[in-house]
Structure formats: structure tokens, C-alpha cells
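A note on names: the letters A, B, ... follow the listed sequences, proteins ahead of strands, and every chain is numbered from 1. Below, all heavy atoms of this structure are taken into account, side chains as well, without hydrogens, waters or symmetry copies.
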Amino acid sequence: MISNLLLSTAAAVAPLELILHSTDSVSLAATYYAAQGGEARAGLLLLPMLGADRSTWAGFAAQASAAGIAVLALDPRGHGGSGNPAGTPPAAWGRAEWLAVVEDARAGLRELSARGLAPERVVAAGASIGASAALHLAASEPSLAGAALLSPGDNPARLPSSAALPGYGKRPLFIGVGAGDGAFVDIARKLAREAPGSTALIVQPGSGHGTQLLAGSGGRTLTAQIIRFVLDAP
Amino acid sequence: MGPVIALLLLTSSPPAAAERLNGFDLSGMLVPRESVLRGGPPRDGIPALTDPKFVPAERSGLGPQDRVVGVKLGGAAKAYPLRILNWHEVVNDAVTGRRVVVTYCPLCGTAMVFDAQAGGRRRTFGVSGLLYNSDVLLYDRESESLWSHLMRKAVSGPAKGAELVQIPGRHTTWREWLQENPETTVLSFETGMPRDYGRDPYAGYGSNEAVFFPIGHSDRRLAAKEWILGLALDGKTKAYPLKDCPEKGIEDRVAGREISVRCKRADRSGYVLDKDGVELPSTQAYWFAWSAFHPDTELQGDPK
């Protein structure tokens, strides 16, 4: 099997570094990748894994941008270049702090909306607990086009993804998980089973977690799958 | 569009692949199992139309340069706008009582019309969410078999090996189709589905060289997204680049049969006639897709 991926070097727009603000005035660092080739065909909000930052999405964001998608990669509070009013590491956070992360993501939605991407054209995506946050955001924003999740968790002490499914409703859902990623495989299968609408569940060979799934040859295919999911979201 | 960098990547041997994907049984597939990939949206995430409504031409809502797939059978003409096909890829319909399925794969640029009678029974088709060679794999609801669009046959499931009979369909502009078929009706934008048909999810895809999904064979005689008119006839295949096709057409011989290729470059459309003037099924496609499925294809204008 030959994988051909041709990247345009022309008309690439440099990513834009931004500082957004949550409703409780926390500074949130973000990177905006404008859609290449004209008007954006869709929008994508990206949230990182626990303790990681928006740079872990950089390669994927560039590909999505080249495919005509406007991308906002966000560092929620306590991550990357964003403020941390809790003063404790995210690994120690409970439900209240993680719900605040969902509100940070909502600030990202407002930024995309201000740039002409209405929620109806935006997919929320995340890795690991970022995936859970993306799903909770989408559940609370019925107009969002959908959610794409890499290695979502289901921790009741933080942001259980399954709790967001009823609110998410029948919108199509995308889930990617590494075949060797232990309990996360079971969680992904459970979410795919219980989601009210249809789910694209991609179980990728290997034990990659979250944005690690985007590396290598499997990652190139996964990137294409996510991009197409975003472009075809109603 | 400026220069591009091509990265040719060879994958290592893939691990053992699952026997089911998206709920479809892939055991004993006629194509390499590891070449079948999820396309992103889930099964029926791209919803096929099964009860299409049509309006008269004057209520089409189309502009002259909007692209359509036109079908003419038994004196009746119907047009299926690409603005709708981009979002649904499959329309189960009937034209003068004959059940047909109008299909379009935006990734390959292929619009193909088939008789819905296949493998001994009438079938209703949907979009499986799976791809082979970057091309849509249809499925039929009656047997849940998977059908390769460009191969024109079922590649897995109870109907495996059954062939799709392709019917001539014209991939052209609304302007040209209406001019030639003033009595045509048009698939209505009132599909009952929540889609913004004013938005093209694949805008710009045709003007850059990016091929999103892996393909099994790459032929660099033409650029990947060059438009060709492909003819598959009696076991032989030949591609005619549309930008080079003269207005007076091409008289040719394929598989020992005399054929005429007629083109309208302004409308980026073409069709093929046999020696009796009967239209033969042909397929407009991106070159990468046609050559991936037909590695031995002849190419008009190729000196070798």
C-alpha cells in the first residue's frame, strides 16, 4: 500500500498566537491556524491531554488548515501558556476544575465564532481528558457540528465522557484509540455502543494514547479520517 | 497555486486486520483487507437519499456553472446536483420505472450511475463509511454486502462477486444539461436532511494535489487531480484527459470496438458513443483514482 500525501508549500499562512480570556478572566493561550485556499470549509477546536499543551496538535493542525479547515488549538487553564487560578497541577484536579476547562473551551468557540465560524460548522476535538472536555462542551452546545475524541477517558472524579452522551444526542461521533491502550479501549467501545447516534470508532494498532496516535503512518491515515469527519459534519 | 512537495511514503507490513469494520463482514474480501479503511464519518454518517423529490428545471435553484450528474432513460431526464451529492453520495431513485442508484465519491471525483438490480435482486444502497483506494464503498441494505464503486462489483458479503451494471450518466454543468434536456427535472434541495447545500465540504480539494487516503497504485503520467474520462470496455480501460480532448472529439478503437469520444471542455464534460451512436457508460474521475483502480489503463496521448 502506497501512502501519498502531498503537502502544498504555497499560500501557507503562519499560525497566529492569541491570548483569549475565560468568563472568570483566566488568560488562555491559543494558536489559530487559518484555513488555506480561501474561505474556511469548517472549524475545529483542539484540546490537549492532561498536562500537555497545544503544541502537541501542531502537525495535525497544519494538515487540517491545508485541507481548508480553520483550527484553534487551545491551552486550557493549567496547561501550556495559560493561567492556573487553582494553583495546583491538573493531575490533582477534581470535577469543578475540569468543568472550568469546559468553559475555557467555550471561550475557544467564541473566538472561532468571532472569526466567522459559527458553532454549526465547528467540531470540538480533544485528546484524553481533552477529549472528555470536548464531548462535554459539545453536549452543552447543541448547535456544534460534532466531536472527535482521541483516547477519551471516563473518570467519574474528573469528566466522565459517558455522562455527556445524552446531551450530545444523535450527532455523529468520532473516536480514535490505540489497540494496546488498556482500559481506554474498553471506554472507547463503550462510548461507541452507548452513543445515541452513529460513531466512527478507529482502533489503531499500537499503544499510542491521545495525540500520540497522530504519529507515524497510522497517524497520517487517522489525520485524514478526522479531517474528512470534520468536513462532512452536517 | 505554487509548487508542491511530494512525500512518497511506504508503509511497513500492516498488522492483522479486523474481520468486521463498521459492522460489515470483511472476511474473504475480493480486495486486500488491509486496504479497506474507515473514511472518517461513520456508517450512514453520509446519509444516502432513498425518497428523492424532484422539481421542474425552472425551480432548480441552480446556476449555469453548478455541476450536475444527468441521467436520461426512456425519454425522461433527471439531474442530480453535486451540491447535494457532495453531502449524500448516494441517491436511490427510479427513472421511467427503472430503479437506479446515482453515486458520487467526492474524494475521487467519480459520478457513476448503476442499475439497482444487481446480483439477482433489487437493492437499496447506503454509504458504508469505508473506503478502498480512497473510493467509497457502498453497501446494500438487503444483504449488507460492500460494493466498490469504481470496481462496479460487490467485494464482500453475501453478494460478493455480483456486478453493478453501469448506466450512462453525464457529469457536466447545469447549463449544458439543461440546454440538451430542456424537459429535465432536478433533484430538490428539500431533502429533509439538515445540510447546508450552499456550502461545499470539498471546496478547494480539486485544485490542490492532496490525496487524503492511501491508494494501492500511483501513476505519474498525469497530475493526481487531472480530470479524465475513463472508459472500461470488454476488459480494456482507457483514459482521455478532458483538458486535451478536442471539440471535434476523438475517434478511437478500444477492445477492438470503434468508439467516439465527445467532449465539451467549457463544461468539463464528455461522453462516449459506440459506432451506432449509442452512448456507452463512461466515468469522469481524477486521474489518481482511475489509475489506482486500473493500473494497466491506456492513456490517450501517452506515447508509450
Side-chain angles (χ1 to χ4, degrees), chain A residues 1-12 35-42 63 66-69 118 120-121 123 145-146 148 170-176 179 192 195 197-206 216-218 220-234, chain B residues 1-18 21-22 32 34-35 37-47 86-87 89 106-107 129 131 133-134 193-196 199-205 207-218 224-225 288 292:
Chain A
M1 172 67 68
I2 295 173
S3 179
N4 284 334
L5 188 61
L6 305 175
L7 303 173
S8 171
T9 60
Q36 294 178 35
E39 186 184 347
R41 288 142 62 186
Q63 296 274 12
I69 299 171
E120 293 78 9
R121 297 174 58 200
V123 169
K170 292 191 173 181
R171 287 171 281 180
L173 184 62
F174 183 102
I175 302 175
S198 54
T199 302
L201 173 61
I202 311 264
V203 181
Q204 192 185 74
S217 59
R220 281 187 286 275
T221 300
L222 183 61
T223 294
Q225 290 161 330
I226 297 171
I227 286 173
R228 192 148 179 264
F229 174 81
V230 173
L231 291 176
D232 274 306
Chain B
M1 178 70 68
V4 295
I5 294 175
L7 301 178
L8 185 63
L9 305 158
L10 293 174
T11 62
S12 56
S13 299
L21 265 186
N22 283 13
E34 62 274 12
S35 303
L37 302 173
R38 287 191 174 88
R43 170 181 176 149
D44 294 323
I46 299 171
N86 272 329
W87 290 101
E89 299 191 5
L107 293 174
L131 303 173
N133 266 345
S134 189
M193 299 275 187
R195 295 294 188 277
D196 177 4
R199 178 162 66 91
D200 179 1
Y202 295 91
Y205 174 78
S207 58
N208 70 58
E209 290 296 282
V211 177
F212 285 176
F213 292 93
I215 54 176
H217 171 78
S218 182
K225 299 275 182 74
F288 83 82

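- Shown here for Phe212(B) and Leu231(A), the closest heavy-atom pair between the two residues is CE1-CD1, 4.2 Å.
- For Ala233(A), the part lying near chain B is the backbone, with the side chain staying farther off; criterion is any non-hydrogen pair under 4.5 Å.
- Only the backbone of Thr199(A) comes within contact range of chain B, with heavy atoms under 4.5 Å apart.
- If you take OG1 on Thr221(A) and CZ on Arg38(B), they are separated by 12.5 Å, rounding to the nearest 0.5 Å.
- Atom CG of residue Leu222(A) and atom CG of residue Leu37(B) lie 11.0 Å apart, to the nearest 0.5 angstrom.
- Per-residue heavy-atom pair counts under 4.5 Å with chain A were compared for Pro201(B), Pro194(B), Ser134(B), Gly204(B), and the maximum is reached by Pro201(B).
- In this structure, chain B has no heavy atom under 4.5 Å from any part of Ile69(A).
- In this structure, the side chains of Asp232(A) and Pro41(B) come closer than 4.5 Å at one or more pairs of heavy atoms.
- Side-chain N or O atoms of Arg199(B) include one that pairs as donor or acceptor with a backbone N or O of Arg41(A) at under 3.5 Å.
- Proximity of Leu131(B) to Gln225(A): side-chain heavy atoms (C-beta onward) are nowhere separated by under 4.5 Å.
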Exercise for the section: Using the side-chain contact (heavy atoms from CB on, under 4.5 Å) rule, take Asn208(B) and Gln36(A) through it: C-alpha gap first, then chi angles, then the decisive distance, then the call. Expected result: CA-CA 11 Å; Asn208(B) 70 58; Gln36(A) 294 178 35; over 6 Å; no

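- Taking Gly39(B), Pro47(B), Gly129(B) one by one and counting their heavy-atom pairs under 4.5 Å with chain A, the maximum is reached by Gly39(B).
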Practice task
Take Glu120(A) and Asp196(B) through the side-chain contact (heavy atoms from CB on, under 4.5 Å) test and state the conclusion after the steps.
Solution key: CA-CA 10 Å; Glu120(A) 293 78 9; Asp196(B) 177 4; over 6 Å; no

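- The parts of Tyr202(B) that come within reach of chain A are both its backbone and its side chain, each placing non-hydrogen atoms under 4.5 angstrom from that chain.
- The residue among Pro172(A), Gly206(A), Ser198(A) with the most heavy atom pairs within less than 4.5 Å of chain B is Ser198(A).
- Looking at every heavy atom in both residues, Ala200(A) comes nearest to Pro42(B) through N-CB, 3.4 Å.
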